[in-house]
There are 2 protein chains.
Amino acid sequence: MRQRITVKDLARAAGVSIGTVDRALNGRPGINVETRQRVLSAAETLGYRRNKLAQSLGRKSQIKIGCVFPSRYSFYPDIEAGINHAAATLADHNVRVVSRRTENLGDEREGMFIDELVEAENVSALALCPSHSTRLNQKIDELAARGVPIVTIATDAPASRRLTCVSTDSFNNGQIAGDLMCGFLREGGRTVVLTGSLDVTDHERKVSGFSSVINGCPHGIEIAHVYETHDVAAECADAVTHALQTYPELRGIYVSTSTGASACQALKDQGRAGEVYLIGTDLFQQNIPFVQNGTIQALIFQNPFEQGRKAIEILYSHLSSDTRFGPTNFVIPSIITKHSVQHFRCYC
Amino acid sequence: MRQRITVKDLARAAGVSIGTVDRALNGRPGINVETRQRVLSAAETLGYRRNKLAQSLGRKSQIKIGCVFPSRYSFYPDIEAGINHAAATLADHNVRVVSRRTENLGDEREGMFIDELVEAENVSALALCPSHSTRLNQKIDELAARGVPIVTIATDAPASRRLTCVSTDSFNNGQIAGDLMCGFLREGGRTVVLTGSLDVTDHERKVSGFSSVINGCPHGIEIAHVYETHDVAAECADAVTHALQTYPELRGIYVSTSTGASACQALKDQGRAGEVYLIGTDLFQQNIPFVQNGTIQALIFQNPFEQGRKAIEILYSHLSSDTRFGPTNFVIPSIITKHSVQHFRCYC
DNA sequence: TTGAAAGCGGTACCAT
DNA sequence: ATGGTACCGCTTTCAA
């Protein structure tokens, strides 16, 4: 029966008190360099591993993590669900998660909410879905300097000093869509792409990933056009309609941003549903029927729930000082088909 | 600052000691029915929620969970990795996982190992990959009667009194493969299926799921033949070769059991790699190259790691008495393509 | 049947 | 710079 090494064992081994062991182990001030070294090497040789449960239980002050994200737009409700799930798991660990919802990605209260969480709520870490890739940089950097770690979710502020970004790999998302389209169009054919705006990094990367695979595909598939639809339903529908009329022989459509029902409806209205391959992105209540009736051949699902969950997990593990992760923290996208869609319930 | 309700609060509210509260809360003997009721209703009204951390930390005796599974065959190493991962996570919770490896699915030491774990190692729960769907029923039922909960992984003993089975939904696996094949063969065409043995429930269900989708597919796809290859590499290769020669116009192959390199190699040897659609099952070091070079169009991955992880998680949550799960506990299969295969590292 | 108290492995504060 | 000790919330003796 393998016995656990505890701080007491270390104290005995190093000939000090457990208070001192604690100082050494956690880099707290007020300890002699040599003493610290002695404790640390004892920990090393004895193979000490901190018990996270005891750590959480013994902590007097509770850890507060703040979150700011949009309330409705796109898949944010699913991110929120993931955050809440993590929060429930961490409740026993004396952690509390406080959230602020903005109306949409452009909401200028974003900065205000951040300040509020830090100043009033006194959170010791933040998870954000930044509405702009650079606008928050200064604020993020300031907070990072003050020792408030920040994780971005889904959207990023890559040039800031945020701890890491949790998201899917956009380019890879496009590649996977390309894999499928390439498989579907063995006989070659024309395709079009619908995206939000090529100025948005995430959108551009997806299109690039898709293009790279399509261009490397041996069956002579062509991308006839890339439509920018600005995430507006009407523009999506128009793009689909336009594509079908301009390229009557069109065989495939890749929708690289949230696939709304409007594009599907347009395809159906033109009598081409189930004939033109439609590969979409992300899952919503609205497009589930279109997956089930075969209008949407496949969806690349970015697992927003998992993204939210992971962000909180990362922040907590960072705060309890056992960090491990790079500058980006990718969540694996899932491919959804007619008979797998039921596994991926979503809240939006 | 929301304060946590603890046993002390309950003790005060019910006018008893915390020892009594513990007896009431955990159904321990030696407590008056009325007292128990008083405590329980106090817990109810105050909204008491047990702190799992404190529970683990306070537990004197460590919980031991035993596992028996094959060592090599198929994806068992990945299941084992998942089990070990869960074990590492639960280490802080004063839980220890003890494993016994059989040589293969037919190993008669399986029963012996189970006895050994229960009698000698004194485990309080078991996770098994039963080698036969009924042969272990009696033993499982006996142990269940003795209060040793058992979870089956990947393979099942459905008629036994096992707590639950963690696996993917075989029929659904086949359906998903069917979705893809149906998408690939828009122009119709002939396909064949390779499976282990139709006598094995799991294999039969996958074939059925695939067939159901193919038959419901509007493009007139035909399943020309179902080969039983008994999970023997040579038989797989022979089946592929035979199929290509018998049905020269063959357009698709669905391999519903672990897709070995042999089938891919046969396809390549016949000069049809990358032309005939090959949809396989599960990921192995050996077939990764074939996914990357386009011989395998897609894999239905049963996430063995997750299955192992989940089984242990379920057993632990059952032992610490907050159970929640049905007779089967499905893990969602993943669809793997050329550009997503790198996300799914495997150990076998 | 019930109560009191000693842990579990840490953290945090107060002495020294 | 160090030691000592009272927690955290629950489990588990041991008395009563």
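All chains are named by letter (A, B, ...) in the order of the sequence lines, taking the proteins before the strands, and each is independently numbered beginning at 1. All of these numbers come straight from a predicted model, not from anything done at the bench.
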To the nearest Å, give me how far apart [atom1] ([X]) and [atom2] ([N]) are.
| X | N | atom1 | atom2 | result |
| --- | --- | --- | --- | --- |
| A:Arg12 | D:dG3 | CZ | P | 14 Å |
| B:Glu34 | C:dT2 | CD | C1' | 14 Å |
| A:Asn32 | D:dT2 | CG | P | 5 Å |
| A:Asn94 | D:dC7 | CG | P | 17 Å |

Through what angle, rounded to 10 degrees, does the axis of the helix from C:dT1-D:dA16 to C:dT16-D:dA1 turn between its ends, using five pairs per end? 50°
Note: A:Asp92-B:Arg50 ion pair, threshold 4.0 Å (strictly below): no
Worked check of side-chain contact (heavy atoms from CB on, under 4.5 Å) between B:Tyr316 and B:Val95: CA-CA 8 Å; B:Tyr316 175 63; B:Val95 174; 3.5 Å; yes
Aromatic ring pairing B:Phe301/B:Phe344, orientation class (parallel under 30°, perpendicular over 60°, tilted between): perpendicular
Would the number of heavy atoms belonging to other residues, nucleotides or ligands and lying under 6.0 Å from CZ of A:Arg161 be above 12? no
Among side-chain atoms of A:Asn122 and A:Lys64, is any donor-acceptor pair under 3.5 angstrom? no
Within the structure, does a side-chain N or O atom of B:Ser17 lie under 4.0 Å from either OP1 or OP2 of C:dA4? no
Between C:dT1 and B:Thr35, is there an OP1 or OP2 to side-chain N/O distance shorter than 4.0 Å? no
When A:Arg100 is tested against each of A:Glu110, A:Glu80, A:Glu116 for salt bridge (charged side-chain N to carboxylate O under 4.0 Å, His left out), which residue passes? A:Glu116
Are A:Val123 and A:Ile63 close enough that some pair of their side-chain heavy atoms sits under 4.5 Å apart? no
Any heavy-atom pair between the side chains of B:Arg96 and B:Ile65 that's under 4.5 Å? no
Along nucleotides 9-15 of chain D, 5' to 3', which nucleotides get a B, which get an S, and which get a -, given that the test is a protein heavy-atom distance under 4.0 Å? BBBBB--
